[in-house]
Amino acid sequence: MEKKPIEKMRNIGIAAHIDAGKTTLTERILFYTGKAYKIGEVDEGTATMDWMEEEQRRGITITAAATTCFWRDCQINIIDTPGHVDFTAEVERSLRVLDGAICVFCGVGGVEAQSETVWRQADKYRVPRLCFVNKMDRVGSDFLRVVEEIREKLGAKAVPIQIPLGKEQDFKGCIDLVRMKVWLYQDEVGTGYEEVDISQEHLPEVQKLREEMIERIAEEVDWFMEKYLREEPITEADIKRALREGTIGVKFTPVLCGAAFKNKGVQPLLDAVCDYLPSPLDVPPVEGAHPEQEGTITRKASADEPLAALAFKIMSDKHGDLTYLRIYSGKLRSGQRVYNSRKNKIELVSRLYRMHANEREQVEEVSAGDIAAAIGLKHTVTGDTLCEKRSLILLEPMHFPETVISMAIEPKTQAEKEKLVYALNKLEKEDPTFETRMDEETGQLIISGMGELHLEVLKNRMLREYKVDANVGTPKVAYKETIAKAVEIEEKFIQQTGGHGQYGHVVIIFEPCKDAHPVIFEDKIIGGVIPRTYIRSVQSALEDGISSGVAGGYPLLNIKATLTGGSHHPVDSSDLAFYTAAAHALTRAVQQAGSVLLEPIMKVEVAVPESYLGDVLNDLNSRRADILELDVRSGARIIRSHVPLAEMFGYATTLRSITSGRGSYTMEPFQYRAVPKEIYASLSS
């Protein structure tokens, strides 16, 4: 595979709400770029990017898959991401390492629940985007309505650069507002198309929309605005240059349209990827910290800079774990020893690969801008930084949401126990939103994840991939606790022995906060009354105690701990003494402040025909739902609400029963909220 220069590289992701057509679009991209010789279909289980057995069985994307293809003179590295909210971590870690994204919207459904989540994730990392309104051949599709929804619901500055030619079953192609040409498709496969002039019938509307496009671009790009106000001729090259500048600067988002399943609109989208999305040179240099010093380090996207690479995904493989890497700067070669600056470990890169879904192509070297996979890394996990020992850098790690659901699991026989532990360790390393722990009270092994589907998929993978025979309990809610009020705790840990004793003394203020973090630690020590090394031990003790729970209770959430004072002994103080003092302080804080039980609240969006609206609302109200909004979308009624997760088990079956199979819903974590007193009483009894 010929590697293109860095300015011709595009690292992009394809993301959207479930069933908007992401994988279908990716399959067409692979076909038209010559990467695949035939088009794979999701419904038939033949999609190249949905290679896992679970994905093919369910017809959904579960794990992000990477591939590389070429269009015009550009190399496009693509990551196809899942749409289901249970696998949102796959989207999060993909967007973290990508330079651009294509957000796909259904021409009928418009901006749906998971669309908003994906958009927020892209905003978080300031990822430049293109929007692709898909399924323009479907009954009820409306391009301009979806554009308005993108503006209203996502707060995005959407700039249509195409409009559809024809509607629903009469959709024939796309009208390009930049070039003022029509892409007219002549065959079912989509390879036969021609560019023709716009007919007189459509010209007035097209000219009006083109003028609106130019005005929206001018609002955000200064030099283009000056040219527009001076009424100078605006060329196609001017528009393309301004579109690229505004897109890369995340000032606006170009919107295109098509019907991927009917093979229409994909080639213009590929042109837009090359023309408007950034190369690694167009995004700001990556920033990191020095593991041992203060200050920020920047690395430019250049092979001549020292190595900086981020591990963003682990995949288990019979030949050794594959670690997916984004190379931000420098070069990485097979057989090279690198330094994991988060784990303080030397790692050996045995082999390097470019990935095409689950197929691999071995390469000897990768460099700045590349996305590749490595074999041989023993200690590296998601979020770790690889660099050179003589040029240290620590890139910002990725943060993932708290798990909201758990279940007990146990091997059916003693012989299965080792296989189960092995499988769980592998899955936990792969998936940062999957956790395992031992319940100290019951001795049960507990697995936790992001939803019922998430745990069901992992359970099936254990059975099929790892051949583990295990009993699995029913799902349970992952409750949390917080403290009811602020308290100040002074704690001393003093122990005298024959030799050196132990001395640790801390004063910590604990208070509830609303930042949705397990713990926010603040150091307000002045004058070195506690040395820096012991402060880190205090922080570690609090983080460990809060994540595991105090005195057999639930893990703690939304707590701020401020270390305000204390003292140390020049001989007897140690990391252990301060760790123990802080752990005891946390236990006392929960006892004195009192605890509040928190439950996960889900953001639920239900789509039902009008005739079933009353019954569905009554059922939601019985589940302690807060009904936020009733809307209309493509003839269906949309109910948006917040519902406790504890009330949503088995909802898919109930909704199917109420609506005769015509209703659908999506659900994603929203926040943790205090459990009502009557519910708390039933849980305690």
Side-chain angles (χ1 to χ4, degrees), residues 8 10 12 21 24-36 39 69-74 76 102 104 107 130-137 141 143-144 146-147 158-214 216-217 224 233-244 246-247 253-277:
K8 295 296 183 182
R10 303 288 184 270
I12 67 167
T24 300
L25 174 61
T26 309
E27 292 299 316
R28 271 62 184 174
I29 289 174
L30 296 179
F31 179 70
Y32 296 131
T33 57
K35 187 69 180 181
I39 297 173
C69 58
F70 296 84
W71 184 253
R72 291 183 358 199
D73 58 345
C74 288
I76 305 174
I102 299 171
V104 184
L130 298 176
C131 292
F132 182 72
V133 182
N134 194 21
K135 304 188 180 183
M136 294 310 304
D137 59 314
S141 62
F143 177 73
L144 293 179
V146 176
V147 171
V159 179
I161 61 174
Q162 285 181 352
I163 57 170
L165 177 64
K167 193 173 182 181
E168 298 177 349
Q169 66 267 25
D170 296 324
F171 175 67
K172 297 181 180 67
C174 314
I175 300 174
D176 189 331
L177 300 180
V178 178
R179 302 181 62 224
M180 291 299 280
K181 291 285 184 181
V182 178
W183 283 71
L184 205 57
Y185 288 84
Q186 301 168 317
D187 59 36
E188 289 297 317
V189 183
T191 51
Y193 57 87
E194 61 178 341
E195 288 187 16
V196 300
D197 292 330
I198 300 167
S199 66
Q200 290 300 315
E201 174 192 355
H202 295 107
L203 200 56
E205 182 192 5
V206 173
Q207 287 175 331
K208 174 173 171 272
L209 290 169
R210 187 176 197 264
E211 187 63 26
E212 286 181 14
M213 174 191 75
I214 289 172
R216 289 183 182 276
I217 296 170
F224 193 79
I234 292 177
T235 64
E236 178 188 325
D238 290 332
I239 297 174
K240 283 188 171 181
R241 180 187 158 202
L243 277 170
R244 180 173 179 80
T247 304
T253 305
V255 187
L256 301 92
C257 62
F261 187 68
K262 292 297 178 68
N263 310 314
K264 293 179 172 68
V266 179
Q267 295 94 335
L269 178 64
L270 283 166
D271 284 341
V273 168
C274 297
D275 289 336
Y276 308 130
L277 288 182

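Fair warning: this is a prediction, and the values are worked out from it, not measured in the lab.
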**Q** Using every non-hydrogen atom in the two residues, find where Cys274 and Arg10 come nearest and quote the distance to one decimal.
**A**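 Scanning both residues, the minimum pair turns out to be O-NH2, 2.8 Å.
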**Q** In Å and rounded to the nearest 0.5 Å, what is the CD1 to OG1 distance from Ile217 to Thr247?
**A**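 Answer rounded to 0.5 Å: 8.5 Å.
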**Q** Could you state the interatomic distance from CZ (Arg28) to NZ (Lys262), rounded to the nearest 0.5 Å?
**A**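 It comes to 10.5 Å.
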**Q** Do Val273 and Cys74 pass the side-chain contact (heavy atoms from CB on, under 4.5 Å) test, and can you show the C-alpha distance, the side-chain angles, and the key distance before you say yes or no?
**A** CA-CA 9 Å; Val273 168; Cys74 288; over 6 Å; no
**Q** Measuring from Ile12:CD1 to Thr26:OG1, what's the distance to the nearest 0.5 Å?
**A**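 The distance works out to 8.0 Å.
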**Q** Any side-chain heavy atom of Phe224 sitting closer than 4.5 Å to one from Ile214?
**A**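 Sidechains of Ile214 and Phe224: in contact.
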**Q** Measure the shortest side-chain to side-chain distance between Leu243 and Asp275 over non-hydrogen atoms and say whether it is less than 4.5 angstrom.
**A**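 Leu243 vs Asp275: side chains apart.
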**Q** Atom CZ in Arg72, atom OG1 in Thr33: separation rounded to 0.5 Å?
**A**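 The OG1 atom of Thr33 is 13.5 Å from CZ of Arg72, to the nearest 0.5 Å.
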**Q** If you apply the rule side-chain contact (heavy atoms from CB on, under 4.5 Å), what do you find for Asp137 with Glu168, and how did you get there?
**A** CA-CA 4 Å; Asp137 59 314; Glu168 298 177 349; over 6 Å; no
**Q** Please say which of Tyr276, Trp71, Trp183 ends up in a side-chain hydrogen bond (donor to acceptor under 3.5 Å, both in side chains) with Asp271.
**A**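 Looking at Tyr276, Trp71, Trp183, the match for Asp271 under the side-chain hydrogen bond (donor to acceptor under 3.5 Å, both in side chains) is Trp71.
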**Q** Which heavy atom in Leu25 sits nearest to a heavy atom in Ala260, and how many Å separate them?
**A**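 Heavy atoms of Leu25 and Ala260 come nearest at CA-CB, 3.9 Å.
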**Q** So how far is it from Leu130 CG to Ile102 CD1, rounded to the nearest 0.5 Å?
**A**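 Here the rounded value is 6.0 Å.
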**Q** Counting N and O atoms only, with roles assigned by atom type, does the side chain of Glu236 sit under 3.5 Å from a partner on the main chain of Arg179, one being a donor and the other an acceptor?
**A**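 No.
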**Q** Any side-chain heavy-atom pair from Pro160 and Phe143 closer than 4.5 angstrom?
**A**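 When only atoms from C-beta onward are counted, Phe143 and Pro160 do touch, with a gap below 4.5 Å.
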**Q** Using 0.5 Å steps for rounding, measure from the NZ atom of Lys172 to the CG atom of Leu165.
**A**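 If we round to the nearest 0.5 Å, Lys172:NZ and Leu165:CG are 6.0 Å apart.
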**Q** Considering non-hydrogen atoms only, spot the tightest contact between Cys257 and Pro164 and give its length.
**A**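 Taking every non-hydrogen atom into account, SG-N, 3.6 Å.
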**Q** Side chains of Ile239 and Met213: does their closest heavy-atom pair fall under 4.5 Å?
**A**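 A side-chain contact exists here, since the closest heavy-atom pair is under 4.5 Å.
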**Q** Which atom names give the shortest non-hydrogen contact between Gln162 and Pro268, and what distance separates them?
**A**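 So the minimum-distance heavy-atom pair works out to NE2-CB, 3.1 Å.
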**Q** What verdict does the side-chain contact (heavy atoms from CB on, under 4.5 Å) test give for Leu209 and Val206, after you've listed the backbone C-alpha separation in whole Å, the side-chain angles of each residue and the deciding distance to 0.1 Å?
**A** CA-CA 5 Å; Leu209 290 169; Val206 173; 5.9 Å; no
**Q** Ion pair present between Glu212 and Lys208, side-chain N to carboxylate O less than 4.0 angstrom?
**A**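 Looking at Lys208 together with Glu212, the answer is yes, because their closest N to O distance falls below 4.0 Å.
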**Q** In the structure I gave you, are the side-chain heavy atoms of Arg210 and Ile163 within less than 4.5 Å of one another anywhere?
**A**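 With C-beta onward as the side chain, the pair stays apart.
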**Q** Step by step, would you call Leu270 with Ile76 a side-chain contact (heavy atoms from CB on, under 4.5 Å)?
**A** CA-CA 9 Å; Leu270 283 166; Ile76 305 174; 3.9 Å; yes
**Q** So, for Thr253 and Cys131, which heavy atoms are closest and what is the spacing to 0.1 Å?
**A**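 Distance-wise, the nearest heavy atoms are CG2-SG, 3.5 Å.
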**Q** Should Cys174 and Leu256 count as side-chain neighbours, where that means a heavy-atom distance under 4.5 Å?
**A**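 No, every pair of side-chain atoms sits at 4.5 Å or beyond.
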**Q** Less than 4.5 Å apart, side chain to side chain, heavy atoms only: is that true for Tyr185 and Asn263?
**A**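 No - every pair of side-chain heavy atoms lies 4.5 Å or more apart.
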**Q** Do you know the tightest heavy-atom contact between Ala259 and Met136?
**A**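 What the structure gives for the nearest pair is CB-N, 4.1 Å.
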**Q** Just wondering, are more than 12 heavy atoms of other shown residues or ligands nearer than 6.0 Å to CD in Gln169?
**A**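 Check passes, neighbour count above 12.
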